[in-house]
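What follows is one structure encoded as structure tokens, with my remarks underneath.
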Amino acid sequence: MPRHLKIATFNVNGIRTRLPHLLQWLAQEKPDVACLQELKAADEGFPREEVERAGYGALWVGQRSWNGVAVLARGADPVESRRALPGDRADAQSRYLEVAAHGVMVGCLYLPNGNPQPGPKFDYKLRWFERLIRHARGLYDSGHPVVLAGDFNVVPTDEDIYDPKHWRKDALLQPETRDCYRRLLAQGWIDALRAVHPDARIYTFWDYFRQHWQRDAGLRIDHLLLNPQLQPRLADAGVDRWVRGLEKASDHAPVWIKLRRTAAGTAASKRAAKSKPARPAASGAS
DNA sequence: ATGCCAGGCACAGCCTGA
């Protein structure tokens, strides 16, 4: 058993088109939990057999042509918690799936893009974000270890984009969008990639236009947020950029975190450690 | 201000994405 639990999120931009890349990535990087977005497939179009053959149990919420999310668990069957974000029964878009897997609660989300703004799509984005903030509060307070992972369609700050000036009017950079993200984090969640790499330029998305991948002109919009039960276990985080470099790639790269499996670093173990000889702090190297 | 590229649908050219 590896020392770390690896949890990843990957906007595949069409699971059937991207299935070879997905399988190659699972085989090489072996995430224990993989949150997928933009399946662009109905429930019956999900490649269950291929995913199972790769060693993963899966749950998914499909939708014809658009949206769609899934959670894969390596060598395990994820247990469903909910298949939609509460707060709007009329919302038919498949953008949220919450499961328990490998001892962690995982909220897999695909937040609306919101372009063009202003307009009804941007209004929907902000309403969806408000519902997420409300629901996240309950998850945060649940006492379970929780990860919120997915494509948030938010560039949190101007440090998270190659050049903000060409995107100033985009829904991903609007003050209202960024304020929602700030208010979510203000509940106490930590942005795991930023916590591990406070000063690095990190991108997770490069659009297909203007040779943005070749120029490394990217945006950081795929995020993994941790509640306090998981924060002491965070050991490493990164982006599998090689997946974005494949032929016919998704416009997103997978993003991952590694969590220590042991209780080392948790409040319980710190209390326990007081009665034991001190040990060096965990290095975080994997 | 718009198209730039790409996937889905369904077979021509839209719509949507970010």
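First the proteins, then the strands, lettered A, B, ... as listed; each starts at 1. Just so it is clear, the values below take in all heavy atoms, side chains as well, and ignore hydrogens, waters and symmetry mates.
Residue A/P164 comes nearest to A/D158 through the heavy atom pair CB-OD1, 3.6 Å, listed as atom of the first residue, atom of the second, then distance.
Remark on DNA chain B: of its neighbouring residues A/L39 and A/Y208, the 5'-side contact belongs to A/Y208, judged by nearest-heavy-atom nucleotide. Along DNA chain B, the nucleotide closest to A/R64 and the one closest to A/D170 are compared, and the more 5′ of them pairs with A/R64.
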Salt bridge (charged side-chain N to carboxylate O under 4.0 Å, His left out) between A/D123 and A/R127, worked out:
CA-CA 6 Å; A/D123 296 341; A/R127 285 200 311 274; 5.4 Å; no

Determine, stepwise, if the pair A/N13 / A/K40 fulfils side chain to side chain donor-acceptor pair (under 3.5 Å).
CA-CA 7 Å; A/N13 190 14; A/K40 293 187 172 181; 2.9 Å; yes

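Distance A/N115 CG to B/dC5 P: 19 Å, rounded to the nearest Å. For A/E38 and B/dC15, the CD to P distance is 18 Å, given to the nearest whole Å. Look at CZ on A/R16: it is 11 Å from P on B/dA10, rounded to the nearest Å. In this structure, CG of A/D251 is placed 12 Å from P of B/dG17, rounded to the nearest angstrom. Rounded to a whole Å, the NE2 atom of A/H166 is 18 Å from the P atom of B/dC4. In this structure, the CG atom of A/N11 is 13 Å from the P atom of B/dG7, given to the nearest Å. Rounded to whole Å, atom P of B/dA1 lies 12 Å from atom CD of A/Q117. One atom, CG of A/D207, and another, C1' of B/dT16, lie 14 Å apart when rounded to the nearest Å.
Taking atom C1' on both nucleotides, B/dA1 is separated from B/dG13 by 22 Å, rounded to a whole Å. With both ends at atom P, the span from B/dA6 to B/dT2 equals 22 Å, rounded to whole Å. Nucleotides B/dT16 and B/dA10 place their P atoms 15 Å apart, quoted to the nearest Å. Going from the P atom of B/dC15 to that of B/dG3 covers 12 Å, rounded to whole Å.
Residue A/D151 is in sugar-phosphate contact alone, with no base atom involved, counting any heavy-atom pair closer than 4.0 Å across all strands shown. Residue contacts for A/K169: at a heavy-atom cut-off of 4.0 Å it reaches the sugar-phosphate backbone alone, with no base atom in range.
A cation-pi geometry, defined here as NZ or CZ lying under 6.0 Å from the six-membered ring centre and within 45° of its normal, holds between A/R95 and A/Y110.
Residue A/S65 places at least one side-chain N or O closer than 4.0 Å to OP1 or OP2 of B/dC9. Distances shown here put every side-chain N or O of A/R18 at or beyond 4.0 Å from the OP1 or OP2 atom of B/dA6.
Under the 4.0 Å criterion applied to side-chain N and carboxylate O atoms, A/R18 and A/E38 are not assigned as salt-bridge partners.
The ring of A/F209 lies on top of the base of B/dC4, close enough and flat enough: under 5.5 Å between centres, under 30° between planes.
Residue A/Q37 forms a side chain to side chain contact (heavy atoms under 4.5 Å, CB included) with just one option from A/V12, A/L97, A/T9, and that option is A/T9. Tested against A/L225 for a side chain to side chain contact (heavy atoms under 4.5 Å, CB included), the candidates A/L185, A/I190, A/L139 yield a single pass: A/L185.
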For DNA chain B, the expected dot-bracket line (Watson-Crick or G-U under 3.5 Å, [ ] crossing, | inter-strand) is ....(((((...))))).

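Atom CD of A/Q28 sits in a crowded spot, with more than 12 heavy atoms from other residues, nucleotides or ligands closer than 6.0 Å.
With distances taken from any side-chain atom of A/K40 to the nucleotides B/dG8, B/dG3, B/dG17, the minimum falls on B/dG8.
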